[in-house]
Amino acid sequence: MSAVETKSSNFIKTRVEEDIKTNKYEGRVHTRFPPEPNGYLHIGHAKSICLNFGLAEEFEGGLCNLRFDDTNPIKEEEEYVKSMIEDIHWLGFDWGDRLYYASDYFDQLYEWAIQLIKDGKAYVDSMSADQIREFRGTLTQPGKESPYRNRRVEENIELFERMRAGEFEDGTHVLRAKIDMTSPNLNMRDPVIYRILHAHHHRTGDKWCIYPMYDWAHGQSDSIEGITHSICTLEFEAHRPLYEWFLEALGVYQPEQIEFARLNLNYTVISKRKLLQLVQEDKVDDWDDPRMPTLSGLRRKGYTPQSIRVFADRIGVAKSDNMVEIALLEHCLREDLNYSALRVMAVLNPIKVIITNYPEDKEEDLEAVNNPEDEDAGTRMIPFSREIYIERDDFREDPPRKYFRLAPGAEVRLKHAYYITCEKVIKDPASGEITELYCTYDPKSRGGWTDDGRKVKGTLHWVSAQHAVNAEVRLYEHLFLKENPDDIKEGKDFHFYLNPDSLKVLKQCKVEPGLVHASVQNRYQFLRQGYFVVDSKDSKPDALVFNRAVSLRDSWARIERSQNLDQK
RNA sequence: UGGGGCGUAGCCAAGCGGAAAGGCACCGGGUUUUGGUCCCGGCAUGCGGAGGUUCGAAUCCUCCCGCCCCAGCCA
């Protein structure tokens, strides 16, 4: 990452800067990230987290709270709270002692509801949900007032108290704000602010059987916390007048709400509802399946917090609907890992090579650079011997044009080791499959170099057969085959586009011996292949499992593809 | 056909009346003991469209077109 790169500006940052200049909120900057604990955080949340916490970091004295919007006990669970806390910390953000819950404010919210009733600005409606819907009108037709709309204040108070006391069944009454049933903004047509829900809440237990609606809780929660800039996504834009109406009716502090467009990523889905479906239907292992765009999934796959933060910064913040290419996310990871990942050799699809002129009982240790991008990473010794494994794809019996890997009669370099030349191909007579390659090496090329001006263009990775450690390697592809799985044709839904080959498991991999000590903390570059990390759930010291975080760019694959195209 | 938003390259996105930033992707070339990295070059006579204002318009005005959100006792 270049140090001179400056963070690009965005309209929210500009607004905050203006507010500071004009001394609105006494120059304070106080944001918050307000997730509902009803699922796991995903890359879209990361955008919001980086925005909110980033703003607080960027401005002198800025603060960002973490607040769980837990107003619906039916969907929310403690497990999600825990995972969200872990994920945000993992990204590298902290909220100090400012961890809040909307449920912290249930008493205050109830008091405010009473106040609204007393002011004649709220009433208990006893129509059914269906009736309320009918009375709301449509996009083009105004709504009608509920027959209960003009109950006396005392009656409303009494009914609301009895709602709270648990005297009524779910759905029999609601508390509504008395605004305007003819408003062109449907959110202003007497929105429901309390509903009866005889449900156990993860924090308040059974204290309440009425729960505030999000609209009633959200703006006031921001107000209570003294939030200056309430940043949220576009779909809440039409709710802003409502939040302002509440805050004005209550006569309390009013934050500034700013809306931005949520992130969409191609070849995946980003919505807690759909991700939950994938988990429940066993389309993936769990929320942290490496194919999931969840933060826990990306973490398990090998993503670094830094790469995600850089990504969040590069995609920018604006108000237009967008669909970001996942290639950008992958680029950010490669960029980060290129500087930090230790290079090791691992053969994913092994084919045995026997070096016929190398003494049978000999073995030697060769020095290998750990990271050419970082001299401080030093070197390590790796064992070499007569029999080694190379990648099956690094040999072609009938090499195509521009192929400069191993082929009959061809000479290649074994990285850090020797030049070898292929002399003979051994096949299984039954299947025709190549089983072994007989090669000779040039003893003068130790370390992988000679000064005789010989041109050896291909360089292969390898692992000494007798020293190799077995490992399982999991290769991941996009979860969906279609760029936008939500762009559905008649009778189909996003399931239709699930990629059946999104996970490929290789069980016969051979990795260099030092990798038995591989730790989840480290990401490795398997030379010439990609970046890999030890799987945090399934890997064991005697049964290593690696996940591919992202492949290396592969310009040979591109050449080959265009060659194939030429032939057609 | 109510209200609220949004249209700048294949994908993001700056720009806010004075010569269209940047990143990704893509295409060339160079370096290379990773076909990686890195380096160099290319990539919008054009800003949804049409008019208008202006010496000058992506930026201001008018009209038109397209896309997104809102009719949960979800958030």
Side-chain angles (χ1 to χ4, degrees), chain A residues 5-6 8-11 14 34-36 38 69 71-72 74-75 125 128-129 132-134 136-143 170-176 182-189 191-197 211 213-215 217-218 232-241 259 261 263 266 272-273 313-332 334-335 338-339 343 345 369 372-373 402-405 413-417 419 445 447-449 456-461 483 525-530 551-560:
Chain A
E5 186 176 327
T6 51
S8 62
S9 190
N10 65 59
F11 76 102
T14 305
E36 182 192 14
N38 68 340
D69 252 314
T71 55
N72 186 350
I74 293 165
K75 290 190 187 173
D125 197 345
S128 69
I132 288 177
R133 189 183 318 117
E134 271 174 47
R136 188 153 29 226
T138 68
L139 295 179
T140 50
Q141 288 172 305
D170 289 5
T172 53
H173 307 275
V174 290
L175 186 69
R176 290 229 257 170
T182 68
S183 172
N185 181 348
L186 302 223
N187 298 119
M188 302 298 273
R189 317 240 264 229
V192 171
I193 59 179
Y194 265 98
R195 72 295 213 183
I196 301 171
L197 241 36
Y211 290 92
M213 296 291 289
Y214 172 85
D215 280 347
H218 193 74
C232 62
T233 42
L234 249 29
E235 67 269 29
F236 295 106
E237 205 153 22
H239 294 239
R240 191 178 350 125
E259 308 85 7
L263 169 69
N266 65 182
K272 278 192 277 188
R273 205 196 95 245
D313 191 59
R314 296 226 173 117
I315 56 176
V317 179
K319 296 190 72 161
S320 51
D321 292 327
N322 61 80
M323 169 81 73
V324 175
E325 291 176 349
I326 203 161
L328 178 58
L329 214 211
E330 294 173 343
H331 164 82
C332 292
R334 288 193 191 102
E335 179 181 57
N338 177 47
Y339 286 94
R343 271 61 170 175
M345 295 203 283
V369 172
E373 304 296 325
K402 291 185 187 169
Y403 184 87
F404 45 83
R405 277 118 91 147
R413 168 171 37 243
L414 295 177
K415 180 82 174 175
H416 306 307
Y419 295 167
S445 62
W449 186 252
V456 177
K457 200 148 191 220
T459 301
L460 311 187
H461 57 277
E483 270 210 65
Q525 184 193 106
F526 285 5
L527 222 65
R528 303 206 300 135
Q529 303 191 106
S551 65
L552 250 31
R553 291 184 64 198
D554 186 352
S555 57
W556 165 245
R558 207 164 301 165
I559 292 168
E560 204 173 24

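None of the values given here were measured: they were computed from a predicted structure. In the text below, chain A, chain B and the rest are named by the order of the sequence lines, each starting its count at 1.
Applying the ring pair (Phe, Tyr, Trp, His ring centres under 6.0 Å) criterion to Y419(A), with sequence neighbours excluded, gives no partner residue. Judged as a side-chain hydrogen bond (donor to acceptor under 3.5 Å, both in side chains), and not counting sequence neighbours, the contacts of R240(A) are E259(A). Under the salt bridge (charged side-chain N to carboxylate O under 4.0 Å, His left out) criterion, E560(A) pairs with R396(A), sequence neighbours left out. Scanning for salt bridge (charged side-chain N to carboxylate O under 4.0 Å, His left out) contacts around R133(A) gives D130(A), with sequence neighbours left out. Residues passing the side-chain contact (heavy atoms from CB on, under 4.5 Å) test with N72(A), sequence neighbours excluded: E36(A), I74(A), K75(A), E76(A), R195(A), L197(A). For S551(A), the side-chain contact (heavy atoms from CB on, under 4.5 Å) partners at least two apart in sequence or on another chain are R334(A), R548(A). Every residue meeting the salt bridge (charged side-chain N to carboxylate O under 4.0 Å, His left out) condition with R176(A), not counting sequence neighbours, appears here in chain and number order: D125(A). Among residues two or more places apart in sequence or in another chain, the salt bridge (charged side-chain N to carboxylate O under 4.0 Å, His left out) test is passed with E235(A) by R262(A). Qualifying ring pair (Phe, Tyr, Trp, His ring centres under 6.0 Å) partners for H218(A), counting only residues two or more places apart in sequence or in other chains: Y214(A).
Partner assigned to A9(B) is none, using Watson-Crick or G-U wobble distances below 3.5 angstrom. Remark: G18(B) base-pairs with C55(B). Criterion, Watson-Crick or G-U wobble with two distances under 3.5 Å. Within the shown strands, nothing qualifies as a pairing partner of U32(B) under the Watson-Crick or G-U definition with both distances less than 3.5 Å. The pairing partner recorded for U37(B) is none, the criterion being a Watson-Crick or G-U wobble arrangement whose two distances lie under 3.5 angstrom. If you check G72(B) for Watson-Crick or wobble pairing at under 3.5 angstrom, you find it has no partner at all.
With a glycosidic angle more than 90° from 0, G66(B) adopts the anti conformation.
G41(B) and C11(B) are spaced 22 Å apart, taking the C1' atom of each and rounding to whole Å. When the C1' atom is used for both C38(B) and U31(B), the distance is 8 Å, rounded to whole Å. For C60(B) and G17(B), the C1' atoms lie 8 Å apart once the distance is rounded to whole Å. Comparing C43(B) with G51(B), their C1' atoms sit 32 Å apart, to the nearest whole Å. Of the P atoms belonging to A20(B) and C47(B), the separation is 11 Å, rounded to the nearest Å. Taking atom P on both G18(B) and U59(B), the two are 12 Å apart, rounded to the nearest angstrom.
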Close N/O contacts between protein and nucleotides 37-44 of chain B (under 3.5 Å):
unit_1	atom_1	unit_2	atom_2	d
U37(B)	O2'	N338(A)	ND2	2.7
U37(B)	O2'	E373(A)	OE1	3.4
U37(B)	O2'	E373(A)	OE2	3.3

Please tabulate, one pair per line, each protein N/O and nucleotide N/O from nucleotides 13-18 of chain B that are separated by under 3.5 Å, including the distance.
unit_1	atom_1	unit_2	atom_2	d
A13(B)	OP2	S320(A)	OG	3.3
A14(B)	OP1	V317(A)	O	3.2

Reading nucleotides 70-75 of chain B from the 5' end, what letters show protein touch, with B for base, S for backbone sugar-phosphate only, - for no heavy atom under 4.0 Å?
-> BBSBBB
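At U34(B), none of the side-chain N or O atoms of H461(A) fall inside 4.0 Å of OP1 or OP2 (strictly under the cut-off).
Scanning atom types as modelled, one donor and one acceptor separated by under 3.5 angstrom connect the side chain of R405(A) and the base of G35(B). For a distance-only test at 3.5 Å, the side chain of Q529(A) fails to qualify as a donor-acceptor partner of the base of G36(B).
In this structure, R413(A) contributes its side chain and V456(A) its backbone to a donor-acceptor pair below 3.5 Å.
No side-chain heavy atom of N338(A) sits less than 4.5 Å from a side-chain heavy atom of E335(A).
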